[in-house]
Amino acid sequence: MVRFNLIGPFEIVAQDGRSYLPSTPKVCQTLALLLTRANEIVTSDSLIHELWGESPPRSAVTTLQTYVYHARRMFVSENLVPAERPLLVTRAPGYAVQVEDDEVDIRIFERLVAEAHTDLGAHRYESAVRRIDGALELWRGPALSNIPAGDLLTGHIVHLEELRIRALEIRIEAEGGLNRHRESIPQLRKLVNDYPLNEWFHSRLIMALGSSGRRAEALQAYQNLRRILADELGLEPSADLQRLQLELLGSRPDGGTRGTPHSGSGNTAQGPTRLPVFT
């Protein structure tokens with residue numbers, strides 16, 4: 001079984017374990033777009049737009065056909081797939097790559113995240129963590145980092161990064177459901193460094209620190225976020241985070257008092273409690 005890896009440098013892995021990359025960047029680009037829409041027809045117009053943007057050459061259709069021809073010949077000459085396998089097919093008004101879901105890392109990643117989301121909703125937290133860990137192991141670096149990316153591939157790359165963030169959120173929520181607040185702190189510190197404007201990650205770090213008896217560090221984490229938002233966007237933290245700060249200080253917005261804030265994970269069989277959605 002051949003394997004197409006797009007999450008990281010683009011590569012084709014043969015059944016014998018050889019890693020192969022076409023020498024022509026635009027052949028890579030053509031294959032990458034087809035693989036992001038595996039088993040779907042991608043129109044010639046879409047491929048031409050990806051390859052040349054708004055200024056395609058007059059020979060664009062013929063040149064695209066040449067790239068497809070070279071890709072087909074490469075699969076056979078490099079023994080990547082059996083000669084009789086119809087991998088890259090012509091389907092009016094364009095082309096399609098016919099693969100199994102397990103042959104494309106993007107498909108595996110999307111499936112694992114979806115399954116983990118289902119597990120989280122059913123309070124199967126251990127299973128959710130395992131699936132997300134398997135999904136995140138597929139990341140070898142920025143998607144398609146070694147080939148050109150036009151408008152369409154760039155859109156897919158952005159989608160993948162957003163899905164990766166969602167995967168990280170699911171993992172944090174599942175860890176919270178397992179009451180692993182202290183264990184999640186190192187990862188959360190890394191995430192707020194990697195995504196400094198993501199208030200959700202900041203909120204979970206603050207809550208994990210507070211739930212671990214590290215109130216002073218939680219308050220410092222809040223001040224760090226406040227400084228980042230002020231410096232970068234001229235904004236204050238959301239109302240939900242401001243209420244969380246008041247909880248850490250031991251006072252309610254209505255003037256009452258409160259102890260250590262509850263984490264987003266909770267300790268009940270009903271699963272993780274959550275702050276209102278941060279925007």
Side-chain angles (χ1 to χ4, degrees), residues 112-113 116-137 139 164-233 235-279:
L112 288 171
V113 174
H117 183 266
T118 299
D119 286 338
L120 182 67
H123 308 153
R124 297 190 295 266
Y125 302 122
E126 290 279 7
S127 178
V129 170
R130 285 196 302 271
R131 293 187 195 278
I132 290 297
D133 285 347
L136 293 175
E137 285 175 2
W139 282 79
R164 180 173 183 266
I165 291 173
R166 181 60 189 136
L168 292 165
E169 291 174 348
I170 291 171
R171 193 184 195 286
I172 291 165
E173 291 194 74
E175 289 280 10
L178 295 167
N179 296 318
R180 296 174 183 170
H181 314 302
R182 189 182 302 274
E183 293 85 349
S184 69
I185 290 172
Q187 182 187 27
L188 284 165
R189 287 198 186 279
K190 182 178 186 303
L191 288 173
V192 299
N193 182 71
D194 292 344
Y195 302 96
L197 299 180
N198 187 310
E199 289 190 67
W200 195 92
F201 289 145
H202 283 277
S203 74
R204 283 338 192 238
L205 173 60
I206 294 166
M207 295 165 76
L209 288 166
S211 296
S212 301
R214 297 161 67 172
R215 187 172 65 164
E217 292 178 71
L219 287 167
Q220 183 60 59
Y222 174 85
Q223 292 301 327
N224 291 342
L225 170 62
R226 185 179 184 187
R227 184 179 63 254
I228 290 169
L229 292 177
D231 291 347
E232 297 293 331
L233 302 174
L235 297 174
E236 287 290 320
S238 68
D240 298 308
L241 273 164
Q242 292 181 39
R243 284 193 290 270
L244 179 56
Q245 183 205 27
L246 290 175
E247 290 188 10
L248 289 164
L249 291 169
S251 63
R252 296 176 183 267
D254 59 9
T257 60
R258 189 176 289 181
T260 302
H262 295 293
S263 79
S265 59
N267 296 321
T268 66
Q270 283 74 32
T273 58
R274 300 189 63 177
L275 286 173
V277 175
F278 293 93
T279 57

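- Here the side chains of L168 and Q187 are in contact, with some heavy-atom distance below 4.5 Å.
- Looking only at distances, no side-chain donor or acceptor of H202 sits under 3.5 Å from a matching main-chain atom of Y222.
- For the pair A218 and I206, the tightest heavy-atom approach, listed with the atom from each and the gap, is CB-O, 3.5 Å.
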Could you walk me through whether E169 and F201 pass the side chain to side chain contact (heavy atoms under 4.5 Å, CB included) test, one step at a time? CA-CA 8 Å; E169 291 174 348; F201 289 145; 3.9 Å; yes

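- Looking at heavy atoms from C-beta onward, L188 lies in side-chain contact with I172 at the 4.5 angstrom threshold.
- Remark: the backbone N or O of V129 is not paired with any side-chain donor or acceptor of E175 at under 3.5 angstrom.
- Rounded to the nearest 0.5 angstrom, L209 CG and R182 CZ are separated by 9.5 Å.
- Under 4.0 Å is where a charged nitrogen must lie from a carboxylate oxygen, and between R214 and E217 at least one such pair does.
- A salt bridge does not link R243 with E247: none of the charged nitrogens is closer than 4.0 Å to a carboxylate oxygen.
- A 4.5 Å side-chain heavy-atom check between Q220 and N224 finds at least one atom pair inside the cut-off.
- At a threshold of 4.5 Å between non-hydrogen side-chain atoms, the residues Q223 and Q245 count as touching.
- Put simply, the side chain of R215 gets close to the backbone of L248: a donor and an acceptor are under 3.5 Å apart.
- Closest non-hydrogen pair, A167 versus L136, comes out as CB-CD2, 4.2 Å.
- Note that CD1 of I132 and CZ of R130 are 12.5 Å apart. Values are rounded to the nearest 0.5 Å.
- Taking CD1 of I228 as the reference point, atom CD of E199 lies at 10.5 Å (rounded to 0.5 Å).
- Side chain of S211 to main chain of A208: no donor-acceptor pair is present (N/O by atom type, distance under 3.5 Å, no hydrogens or angles).
- Residues H117 and R166 are in side-chain contact: their nearest non-hydrogen atoms beyond the backbone lie under 4.5 Å apart.
- Classification of R171 and E183 as a salt-bridged pair fails, no side-chain N sitting under 4.0 Å from a carboxylate O.
- Here the side chains of V113 and R164 are not in contact, with every heavy-atom distance at 4.5 Å or above.
- Under the 4.5 Å side-chain criterion, counting only non-hydrogen atoms from C-beta, D240 is not in contact with S203.
- Between S127 and D119 the shortest heavy-atom distance is OG-OD2, 2.6 Å.
- Looking at heavy atoms from C-beta onward, L197 lies in side-chain contact with L229 at the 4.5 angstrom threshold.
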